[in-house]
A.B. asks: 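Sharing a structure with you now.
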Amino acid sequence: MTDSWAAFGADLHIEPVGAGLRSGLMNALREAVRTGRLTPGTRLPSSRTLAVDLGVARNTVADAYAELVAEGWLTARQGSGTRVAQRADAAGPGARRAPSRPVRRRPTHSLMPGSPDLSAFPRAEWLKASRRALAAAPDQAFGYDDPQGRIELRTVLAGYLARARGVYADPERIVICSGFVHGLTLMGKVLARRGVREAAVESCGLDIHWGLLAGAGLATVCLPVDELGARTGELGGMRRVGAALLTPAHQFPTGVPLHPDRRAAAVDWARASGGLLLEDDYDGEFRYDRQPVGALQGLDPERVVYMGTASKSLAPGLRLAWMVLPEGLVDEVCQAKGGPEWMTGSLDQLTLAEFIASGAYDRHVRAMRLRYRRRRDQLVRALAERAPDFRVSGIAAGLHAVLELPEGTEHPVVQAATWQGLALERLSRFRHQDAEPGREGLVIGYGTPSESGWAGALDALCRVLP
């Protein structure tokens, strides 16, 4: 006999086994406890409810419960119902335990790049914006919606990107997606459908991005990076390249901006060849020594795909990003995205729209800009005092800095840091497989630690340097 327990207790398929209803029920309950299907503290259905579910007399269930209480399998307390007992050997000698996972020791401190200070997420302001957005949300926001994204968010984003990043951003050119990786995946599909077979990528960057393009069928061609950014003048000699992925505001990981002459060269190449520039506006809002450099997209909105995200300014867990597209690409990207079932959560979009419209986003970015600037200054100062032979390179911007190391020391420093509980990332980790060998160094993510953990992480870094 198989049935499901319904109200006021665990929803569990039970199959009484053995002679007699009472003994069969007891055997089934013991087996459920042994195997972990019923965990300690789980409240069982009342004897009346279970009797109705199983089609047996109530006394049969009550007697089975009483016997199992006496044996120590269950506990019964007035007002609390019948529950699975807390037993030191609850799994029993014959239990089918899940294989244990190897224990991974978490580092005490982390300076890994790519993450903001998650402890600084503006919970109170976000909650206020969420409440306002939920109260004002139209009924259709709770159903399947436009894959392009909520018009409320696209409208406020258009205004914000125009004033803060110099982007030409009509709401009808914006597509909301679930993170930068999602957006790049969509662009890879569109480029492949257009017949593009090769894409230029910077010689230092993220292999996950190169892998996404490769997964769409595009070969990645290495574009060298130096102290002026990507050498975009070399695009003209790459005859089969139909797109180029760039981080012009703050190159990751070297930390340099794309020189104005090279910005112009990139746009000239796109116009002459009919190619597309994919602009990853990596932490473009965080510049500390001057106003942030405007987006490349402003030079030619028809040849540049602008890609931004809330991952660095707010938190990657929000899974909110946006693409500002040339007019002719919008339908193709939406088609690649799929139907409404692939849309980003409407309520999160409405909350972000309210968060930006209320001014809370600007206030948060300004506050974080001050925090990250202070941390970068403290990093430079601490190294000057305690490790004067090491230099921080890259502009005063973003959430990371490159610490240059003597040749042959990159791997030993990272290994020593691991032994002392400090997570670090080496510069060579981000070098394209076809790139020429370059300098050694560490990519220090000073945005990653919490405010309380920053001082300890900085001290740990200084201790592991040779």
Side-chain angles (χ1 to χ4, degrees), residues 116 118 120-165 167-187 189-190 280-281 284-285 295 297 301 305-365 368:
L118 300 179
F121 184 80
R123 299 170 188 251
E125 290 296 330
W126 186 262
L127 181 59
K128 292 177 184 176
S130 178
R131 286 172 172 165
R132 293 193 298 267
L134 184 60
D139 292 344
Q140 62 266 28
F142 300 95
Y144 293 110
D145 210 345
D146 186 351
Q148 191 172 345
R150 292 294 307 180
I151 185 61
E152 297 90 339
L153 178 56
R154 290 188 281 122
T155 299
V156 297
L157 272 176
Y160 173 79
L161 294 173
R163 63 178 170 80
R165 303 298 300 124
V167 173
Y168 177 78
D170 185 280
E172 296 307 314
R173 291 177 174 235
I174 297 176
V175 173
I176 306 301
C177 47
S178 301
F180 176 84
V181 165
H182 183 207
L184 186 59
T185 300
L186 297 176
M187 283 308 307
K189 293 180 181 178
V190 170
D280 177 4
D281 196 23
E285 294 157 308
Q297 190 261 10
V305 173
Y306 175 89
M307 307 172 77
T309 173
S311 294
K312 303 299 182 292
S313 56
L314 285 168
L318 293 179
R319 310 312 304 142
L320 286 171
W322 42 88
M323 294 185 286
V324 184
L325 301 163
E327 188 173 4
L329 272 181
V330 175
D331 289 341
E332 292 180 60
V333 169
C334 288
Q335 184 179 1
K337 191 177 182 184
E341 63 270 19
W342 295 110
M343 70 182 212
T344 307
S346 293
L347 294 182
D348 288 336
Q349 292 185 57
L350 292 173
T351 300
L352 180 58
E354 175 62 30
F355 194 74
I356 296 173
S358 69
Y361 186 80
D362 288 82
R363 291 192 296 272
H364 177 71
V365 168
M368 298 311 296

A.B. asks: Quick one: pull up CZ in F180 and CG in D281 and give me the separation to the nearest 0.5 Å.
C.D. replies: 10.0 Å

A.B. asks: Measuring only between side-chain heavy atoms, which start at C-beta, is Y168 closer than 4.5 Å to Y306?
C.D. replies: no

A.B. asks: Applying the side chain to side chain contact (heavy atoms under 4.5 Å, CB included) test to V324, which of D170, V305, L161, V175 qualifies?
C.D. replies: L161

A.B. asks: Might you confirm whether atom CZ of R163 has over 12 heavy atoms from other residues, nucleotides or ligands at distances under 6.0 Å?
C.D. replies: yes

A.B. asks: Looking only at heavy atoms, what is the nearest atom pair of A158 and A169, with distance?
C.D. replies: CB-O, 2.7 Å

A.B. asks: With a 4.5 Å limit on heavy-atom distance, are the side chains of E285 and R165 in contact?
C.D. replies: yes

A.B. asks: Flag yes if more than 12 heavy atoms outside E327 fall under 6.0 Å of its CD atom; otherwise flag no.
C.D. replies: no

A.B. asks: Looking only at heavy atoms, what is the nearest atom pair of R154 and G149, with distance?
C.D. replies: NE-O, 3.0 Å

A.B. asks: With side chains defined as the heavy atoms from C-beta onward, is the minimum distance between W322 and V167 less than 4.5 Å?
C.D. replies: no

A.B. asks: What heavy-atom pair brings A133 and E354 nearest, and what distance separates the two atoms?
C.D. replies: CB-CB, 4.4 Å

A.B. asks: For E172, is there any backbone N or O sitting under 3.5 Å from a side-chain donor or acceptor partner on Q148?
C.D. replies: yes

A.B. asks: Would you indicate whether the side-chain heavy atoms of P138 and R150 approach each other to under 4.5 Å?
C.D. replies: yes

A.B. asks: Give the minimum heavy-atom separation between A129 and T351, together with the two atoms involved.
C.D. replies: CB-O, 3.9 Å

A.B. asks: Does any non-hydrogen side-chain atom of D146 lie less than 4.5 Å from one of Q140?
C.D. replies: no

A.B. asks: As a quick check of understanding, evaluate side chain to side chain contact (heavy atoms under 4.5 Å, CB included) for I356 and L157, giving each step before the final call.
C.D. replies: CA-CA 8 Å; I356 296 173; L157 272 176; 4.0 Å; yes

A.B. asks: Taking the side chain as every heavy atom from C-beta outward, state whether P301 and R173 have any atom pair closer than 4.5 Å.
C.D. replies: yes

A.B. asks: If only atom types and distance count, is the side chain of T185 paired as donor or acceptor with the main-chain N or O of V181 below 3.5 Å?
C.D. replies: yes

A.B. asks: Could you grab the distance from atom CG of L325 to atom SG of C334, nearest 0.5 Å is fine?
C.D. replies: 8.0 Å

A.B. asks: Side-chain contact test, heavy atoms from C-beta onward, threshold under 4.5 Å: evaluate it for P316 versus T309 and give yes or no.
C.D. replies: no

A.B. asks: In Å, rounded to the nearest 0.5 Å, how long is the span from NE2 of H364 to OG of S313?
C.D. replies: 6.5 Å

A.B. asks: Measuring from R123:CZ to S130:OG, what's the distance to the nearest 0.5 Å?
C.D. replies: 14.0 Å

A.B. asks: Stepwise, does the side chain to side chain contact (heavy atoms under 4.5 Å, CB included) test hold for M323 with L186?
C.D. replies: CA-CA 10 Å; M323 294 185 286; L186 297 176; 3.9 Å; yes

A.B. asks: Examine distances only and state if a side-chain atom of K189 and a backbone atom of E332 form a donor-acceptor pair shorter than 3.5 Å.
C.D. replies: no

A.B. asks: Considering only heavy atoms from C-beta outward, does the side chain of K128 approach that of S358 to under 4.5 Å?
C.D. replies: no

A.B. asks: Can you tell me how far apart CZ (F142) and CG (L347) are? Round to the nearest 0.5 Å.
C.D. replies: 5.0 Å

A.B. asks: If you take all heavy atoms of R319 and T344, which pair is closest and at what distance?
C.D. replies: O-CG2, 3.8 Å

A.B. asks: Consider side chain to side chain contact (heavy atoms under 4.5 Å, CB included). Of L153, V156, L314, which one does F355 pass it with?
C.D. replies: L314

A.B. asks: For R131, look at atom CZ and say whether over 12 heavy atoms of other residues, nucleotides or ligands are found less than 6.0 Å away.
C.D. replies: no

A.B. asks: Can you give me the closest heavy-atom contact between K312 and P116, atom names plus distance?
C.D. replies: O-CB, 3.4 Å

